[in-house]
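The structure appears right after this line, and notes come after that.
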Amino acid sequence: MRIDEKRYQGRKLESLAKKYSNLVMNFIKKSENVKTLESGGTIHDYIELQPLGLEQQNIHGIELEIDASLEDPGISAAGGFQMIPGEPESSYIRVTMSLPKPYNRRYLSKLYDELLEILRHEIEHAQQEPERIDAIADFSDDPFSSKQAMINYFGSPEEVAGWVTGWMQRAKSKRQPLQKVIKKQLGFIKSQAEYEGMTKKDVDAASEELLRRFVRYSLERYPKQLK
């Protein structure tokens, strides 16, 4: 997805994430795609995006990959951001989604929440300085190799902004205080860190620092929604 990095701010970015999420959900609900998912198949497609009523008309598309073959009963979504070489005002967002097998339409509401969060997170990156995005990429290869690596990656200003704005979308959809959502989502990061082999002592120490950074940023950007 290509977007003008500096055009959308605040609520415009939130609105953009919702419009893209709705577009993806409508695509998934097409009868031919539902049949594919119900049969345990995988959808590979490329959606051409319309301007969606936005002022800027340089939106080209989004890659969509839906994997319905996972046995994990949960819902997961992941996004990736990268700059377009030679086009400093453009960015690209790829979203990969996984649905349980067998497919069930009741999973869609959970998937929508995941989409809102991940798209808001990645769109936030799309308005950040390219040099800073490149800098934090060095920490993303192995963010759980040590306590400091975990802090360097998840606690970088760019990632903090991405995580918090994504979690704010989740807080709104769940009608929960942002701080509650932050603590819960940080718990998932902690669990992954321990799974990756970090000691509980290091995980706890890194998590305490990350919580401080997440809350501090939240107070600056969403002071009324924190509690």
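Here, residue 1 is the first one in the sequence, and each next residue gets the next number. Since we're looking at a predicted model, the values are computed, not measured.
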Under the criterion side chain to side chain contact (heavy atoms under 4.5 Å, CB included), I'd like the reasoning laid out for Phe27 against Ile43: C-alpha separation, chi angles, the key distance, then a yes or no. CA-CA 11 Å; Phe27 177 82; Ile43 300 171; 4.0 Å; yes
If you round to the nearest 0.5 Å, how far is CD of Gln169 from CD1 of Ile123? 9.0 Å
Name all residues meeting the salt bridge (Lys or Arg N to Asp or Glu O under 4.0 Å) criterion together with Lys172; count only those two or more places apart in sequence or in a different chain, and write none if there are none. Glu14
Can you list everything that forms a salt bridge (Lys or Arg N to Asp or Glu O under 4.0 Å) with Asp113? Sequence neighbours excluded, please. Lys174
Do Val34 and Tyr103 have side chains that approach each other closer than 4.5 Å (heavy atoms only, starting at C-beta)? yes
What distance separates Arg170 CZ from Leu116 CG, expressed to the nearest 0.5 Å? 9.5 Å
With Glu38 via side-chain hydrogen bond (donor to acceptor under 3.5 Å, both in side chains) - residues at least two apart: none
Is there any salt bridge (charged side-chain N to carboxylate O under 4.0 Å, His left out) pair reaching into residues 152-167, and which pairs are they, with sequence neighbours excluded? Arg132-Glu158
Over all heavy atoms of both residues, which pair between Leu119 and Ser21 is shortest? Give the atoms and the distance, please. CD1-OG, 3.3 Å
Thr165 side, atom OG1; Arg120 side, atom CZ - distance, nearest 0.5 Å: 4.0 Å
For Arg213, all residues meeting salt bridge (Lys or Arg N to Asp or Glu O under 4.0 Å), sequence neighbours excluded: Glu209
State which residues pass side-chain hydrogen bond (donor to acceptor under 3.5 Å, both in side chains) with Tyr112; sequence neighbours excluded, sorted by chain then number. Asn22
So the salt bridge (charged side-chain N to carboxylate O under 4.0 Å, His left out) pairs with at least one residue in residues 21-34 (sequence neighbours excluded) are none
Those residues at least two apart in sequence (or on a different chain) that pass side chain to side chain contact (heavy atoms under 4.5 Å, CB included) with Thr199 are Lys201, Asp202
Can you tell me how far apart OG (Ser207) and CZ (Phe154) are? Round to the nearest 0.5 Å. 9.5 Å
Please name the pair of heavy atoms, one in Val164 and one in Phe214, separated by the smallest distance, quoted to 0.1 Å. CG2-O, 3.9 Å
If the condition is side-chain hydrogen bond (donor to acceptor under 3.5 Å, both in side chains), which residues does Gln148 pass it with, not counting sequence neighbours? Asn152
Measuring from atom CD1 of Ile28 to atom CG of Leu115, what distance do you get when rounded to the nearest 0.5 angstrom? 6.0 Å
With Ala206, which residues qualify under side chain to side chain contact (heavy atoms under 4.5 Å, CB included), at least two apart? Lys147, Met150, Ile151
Can you find a heavy atom in the side chain of Arg212 that is under 4.5 Å from one in the side chain of Glu208? yes
Which donor-acceptor pairs under 3.5 Å do the side chains of residues 181-194 make with protein atoms, sequence neighbours left out?
from: Ser191; atom 1: OG; to: Gly187; atom 2: O; distance (Å): 3.1
from: Gln192; atom 1: NE2; to: Glu196; atom 2: OE2; distance (Å): 2.7

NE2 of His44 to OG1 of Thr36, rounded to nearest 0.5 Å, is 10.5 Å
Does the side chain of Trp163 come within less than 4.5 Å of Leu210's, by heavy atoms? no
Does Lys200 have any side-chain hydrogen bond (donor to acceptor under 3.5 Å, both in side chains) partners at least two apart in sequence or in another chain, and if so, which? Asp204
